[in-house]
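Along the sequence shown, the residues carry numbers beginning at 1. Remember, predicted model here, so these are calculated numbers, not experimental data.
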Amino acid sequence: MILLFIFILLPSLFMAQFDYTTIGYPEEYSLWMNDATAVFNEIFTRRNYNRFLAPLYGRMPVDFNSSNVARLHVDMILRYLKVFGLDAENQIISFFCEFEMSWVDPRLSWSPEHFNDTKFIFVTADLIWTPDNQIGNTKSLDTLHPDSMKTIVLSSNGTIHMSMVYFAEVACVVEISRFPFDNQTCAIPVAAMALDLNGQYSSMSGKIQNVNVFNLLGNGEWDVSGVAMIPYQFLTDTVHTLLLPTIFLKRVPNYYVYVIALPGFILTMLGIFGMFWTPHIRKEQLTKLSIGLTTLVAITEMRVFESLSCILCKQPYARVANQRRSPRQLGCGLAMCDECFEQEEMLEQEERNHQCGNIYCFYSQDLAYFLIDVLSQESALMFTPMGYLLVKPFKIPECPICHDEYSNEIEAKKSFALQCGHIICTKCCLKTQTYDMYTAVNKRKDRFHDFLNELPEMTRQMETMMNVARNVKDECSCNECHKKNIVDEMFYCGKCVFEICAVCAYKRHHPHGAIPLLEKEANKMLMEVQQESRNVIKTYKDLVPELHKGLLAGIDIFEMKLLSKEETLKDVSTFADFGEKHESFTKIKSKFESSAENYLRHLCKFDAEVKQLIQTLNESPDVSESRIQF
């Protein structure tokens with residue numbers, strides 16, 4: 001009897017009500033909180049609710065329409081969307097969004113009349129089971145609020161309303177054939193990642209709230225012209241249903257029109273007017289020719305790398321793997337983007353656009369990693385919608401076996417594309433193969449070979465651009481009297497931030513302490529050169545002692561192991577065994593001595609060359625000895 005009394009009384013002690021009016025809150029609030037607490041205790045304490053168990057009917061037949069038990073239905077409402085950017089090169093759209101997800105869990109329902117007509121309560125999301133409906137095709141997906149900080153609305157009929165806020169980067173196929181007046185469509189797949197994708201146990205629907213708001217939520221480059229929630233079904237062995245919130249984007253072309261197209265048009269018109277509008281005067285022919293050639297070079301001679309664009313669609317490759325524009329390796333040695341590869345692979349051989357005569361051309365599933373390695377030099381190769389442009393000197397890759405740079409001028413150093421998507425030089429290829437590859441090496445195509453053929457011309461184009469920039473600076477004029485071609489006679493006024501001629505410096509800027517422009521530029525260049533020299537020398541000053549430390553540690557280990565092994569000579573049983581071991585130890589010592597001699601020879605050569613450089617600096621009349629620091 002006592003145990004029964006305790007069993008009945010103990011829950012009532014835990015569910016005892018608290019009077020919130022004693023701490024200053026109104027009576028209405030006190031009644032509401034006690035009723036909400038009673039509902040909470042009913043659901044999560046007395047019913048022994050388990051959030052790790054999903055409220056799915058596991059005996060649902062395949063023909064779910066014939067069942068008396070309804071499937072779990074999840075409703076997705078897109079309430080907010082903000083587009084941050086669309087990366088055309090990597091085919092990625094980044095955005096911020098808020099979904100409201102609702103579903104019914106019968107285990108969380110109650111009768112309102114038993115709890116003073118309490119029809120809903122607020123709890124945190126980590127107390128209940130939640131569906132795993134998420135955004136797919138993501139490069140990154142960040143949830144801004146964890147479940148422990150997320151408040152949900154729990155209704156008396158078991159309906160749960162939960163808000164989910166994400167920052168996502170999702171794959172989006174970009175078509176730039178109408179650039180910069182293009183429209184893009186980005187579909188964002190939403191599905192249950194692990195829960196019943198074929199729809200036997202659950203279903204999903206969605207809609208968009210406040211559609212007109214999205215017109216204002218683009219960025220400076222893109223306008224959101226519309227958003228639609230599109231259900232999508234695809235068939236494998238069963239019918240699978242996804243939700244596709246689709247974003248319709250329209251590019252704002254102002255930047256490309258006013259910064260690129262319009263200046264190019266003006267420059268072209270000025271070139272035409274400069275050459276043909278003025279009267280034909282003989283002494284002005286060279287000036288007119290200079291104007292025309294400058295315009296021609298600036299407008300028509302800007303080339304991009306054809307080898308770094310798809311051989312079919314001519315669009316530039318992505319710099320990284322696993323993108324729609326990533327380069328895929330072909331059996332013939334060439335490459336095309338992943339999207340064109342998949343389209344060609346589905347066609348019969350005679351229907352394909354790529355006709356190389358190799359029946360195994362589309363059997364490879366590897367990426368062209370050698371092109372991705374080339375594109376990784378982002379500082380040298382600038383991406384444009386038309387292709388990649390060389391803007392800085394390019395460092396030619398090396399063969400991973402012999403570590404020599406590839407070259408199209410030397411037969412042995414030409415690149416050879418392997419089936420795995422990497423390249424090695426021809427010499428190493430012939431050495432590593434177990435059969436005669438000479439004929440195959442000579443006939444096999446290679447896109448990297450084409451890149452090296454383009455590189456000299458692209459380098460000349462880059463140098464021309466740099467020379468034009470330098471010539472513009474050399475022909476600078478006084479900011480006040482506009483006298484031209486006096487760069488060696490100009491001064492710099494630090495107070496006015498002007499570059500002026502000597503006359504203007506004396507007349508108007510003498511009190512400001514104007515200095516010769518050459519002195520200003522020389523001081524600036526001096527600081528850059530000295531900083532670069534310090535960085536180079538410090539690298540080897542730090543590297544050499546570390547290498548020597550490791551070398552000495554290795555020599556000590558070698559000495560200890562060699563002496564330990566030589567101890568086995570006293571345990572030999574025959575003279576033949578003694579002679580064999582003695583000869584083996586002698587060869588090891590000879591090899592060590594030979595390696596040490598080679599190392600010392602290179603070390604002595606390095607020491608002699610450093611001393612020669614010091615001697616050269618001492619003998620140079622243009623270099624002050626006091627500025628030489630080692």
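Of all heavy-atom pairs between L371 and A335, the closest is CD1-CB, 3.8 Å. Smallest separation of non-hydrogen atoms from V190 and M204: O-CE, 3.4 Å. The minimum heavy-atom distance linking H354 with L334 is given by the pair CE1-CD1, 4.0 Å. The shortest non-hydrogen separation linking A125 to T130 is O-CG2, 4.3 Å. The minimum heavy-atom distance between S309 and P316, with the atom names listed, is OG-CA, 3.7 Å. The nearest pair of heavy atoms linking L244 to P189 is CD2-CA, 3.5 Å.
Aromatic pair F370/H422: ring centres not closer than 6.0 Å. Note: F120 and W32 meet the aromatic proximity criterion, with ring centroids under 6.0 Å apart. Taking the centre of each ring, F394 and F451 come in below the 6.0 Å mark.
Of the inter-residue distances, the one linking C340 atom SG with I311 atom CD1 reads 8.5 Å to the nearest 0.5 angstrom. For the atom pair CZ (F167) and CG (D142), the distance works out to 7.0 Å, reported to the nearest 0.5 Å. Between E100 atom CD and M164 atom CE the span is 9.5 Å, to the nearest 0.5 Å. Note: F341 CZ to S326 OG = 13.0 Å, rounded to the nearest 0.5 Å. Atom CD of Q329 sits about 12.0 Å away from atom CZ of R447, to the nearest 0.5 Å. Atom CD1 of I247 and atom CH2 of W222 lie 12.0 Å apart (nearest 0.5 Å).
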- Step by step, would you call Y317 with Y388 a ring-ring contact (aromatic ring centres under 6.0 Å, His included)? CA-CA 9 Å; Y317 294 126; Y388 285 95; 8.3 Å; no
Exercise for review: Take D182 and Q184, measure what side-chain hydrogen bond (donor to acceptor under 3.5 Å, both in side chains) needs, and give me the verdict at the end.
Suggested key: CA-CA 7 Å; D182 52 328; Q184 304 296 337; 2.8 Å; yes
Item checked: Stepwise side-chain contact (heavy atoms from CB on, under 4.5 Å) test for F362 and M346 -> CA-CA 10 Å; F362 289 84; M346 297 175 61; over 6 Å; no
- Message: Evaluate C399 against C428 for disulfide (SG to SG under 2.5 Å), listing each step before the verdict.
- Response: CA-CA 8 Å; C399 173; C428 293; 3.8 Å; no
Note to self: Between I188 and T246, does the side-chain contact (heavy atoms from CB on, under 4.5 Å) criterion hold? Intermediate values first, please.
What the structure shows: CA-CA 6 Å; I188 306 168; T246 304; over 6 Å; no
Check: For S202 and V74, what are the C-alpha separation, side-chain angles and deciding distance, and is it a side-chain contact (heavy atoms from CB on, under 4.5 Å)?
Finding: CA-CA 8 Å; S202 66; V74 180; 5.6 Å; no
Point to revise | Step-by-step side-chain contact (heavy atoms from CB on, under 4.5 Å) determination, T159 to W103 | key: CA-CA 6 Å; T159 302; W103 69 100; over 6 Å; no
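Residues V39 and F44 have side chains not in contact (no heavy-atom distance under 4.5 Å, counting atoms from C-beta outward). Taking 4.5 Å as the limit, some side-chain heavy atom of R251 sits within range of a side-chain heavy atom of F179. Y49 places none of its side-chain heavy atoms less than 4.5 Å from the side chain of L127. M458 has its side chain within reach of F305: a pair of non-hydrogen atoms, C-beta onward, lies under 4.5 Å apart. Contact check for C425 versus Y406: side-chain heavy atoms found under the 4.5 Å cut-off. Residues L78 and M229 meet the side-chain proximity criterion, which asks for heavy atoms closer than 4.5 Å. Side-chain contact between D105 and I160 is present, with heavy atoms from C-beta onward closer than 4.5 Å. In this structure, L375 and L381 have side chains that are in contact, with non-hydrogen atoms separated by less than 4.5 Å.
Remark: N322 CG is loosely packed, at most 12 non-hydrogen atoms of other residues, nucleotides or ligands lying under 6.0 Å away. Counting non-hydrogen atoms of other residues, nucleotides and ligands closer than 6.0 Å to NZ of K250 gives a total of 12 or fewer. Heavy-atom neighbours of E409 CD from other residues, nucleotides or ligands within 6.0 Å: at or below the threshold of 12.
A donor-acceptor pair under 3.5 Å links the side-chain atoms of N408 to the main chain of H449, judged by distance alone. With S67 contributing its side chain and V69 its backbone, the two residues share a donor-acceptor pair below 3.5 Å. Judged by distance alone, with hydrogens and angles left aside, the side-chain atoms of R325 form no donor-acceptor pair with the main-chain N or O of E339 at under 3.5 Å. Looking at R352, its side chain does come within 3.5 Å of a backbone N or O of E344 through a donor-acceptor pair. When atom types are taken as modelled, the side chain of W110 and the backbone of S155 share no donor-acceptor pair closer than 3.5 angstrom. In this structure, Q315 contributes its side chain and C310 its backbone to no donor-acceptor pair below 3.5 Å. Between the side chain of S225 and the backbone N or O of F248 there is at least one donor-acceptor pair closer than 3.5 Å.
The SG atoms of C337 and C313 do not sit under 2.5 Å apart.
Side-chain polar atoms of H73 and S203 form a donor-acceptor pair below 3.5 angstrom. A side-chain donor-acceptor contact under 3.5 Å links S177 and E175. The closest side-chain donor-acceptor pair between T138 and E169, if any, does not fall under 3.5 angstrom. Looking at T124 and D126, their side chains do bring a donor and an acceptor atom within 3.5 Å of each other. Donor-acceptor pairing under 3.5 Å is lacking for the side chains of D132 and Q134.
Ion pairing between E345 and R328 fails under the 4.0 Å rule for side-chain N and carboxylate O. The pair K413-E405 fails the salt-bridge criterion, with no side-chain N (NZ, NE, NH1 or NH2) lying under 4.0 Å from an Asp/Glu carboxylate O.
For D87, there are no salt bridge (Lys or Arg N to Asp or Glu O under 4.0 Å) partners, not counting sequence neighbours.
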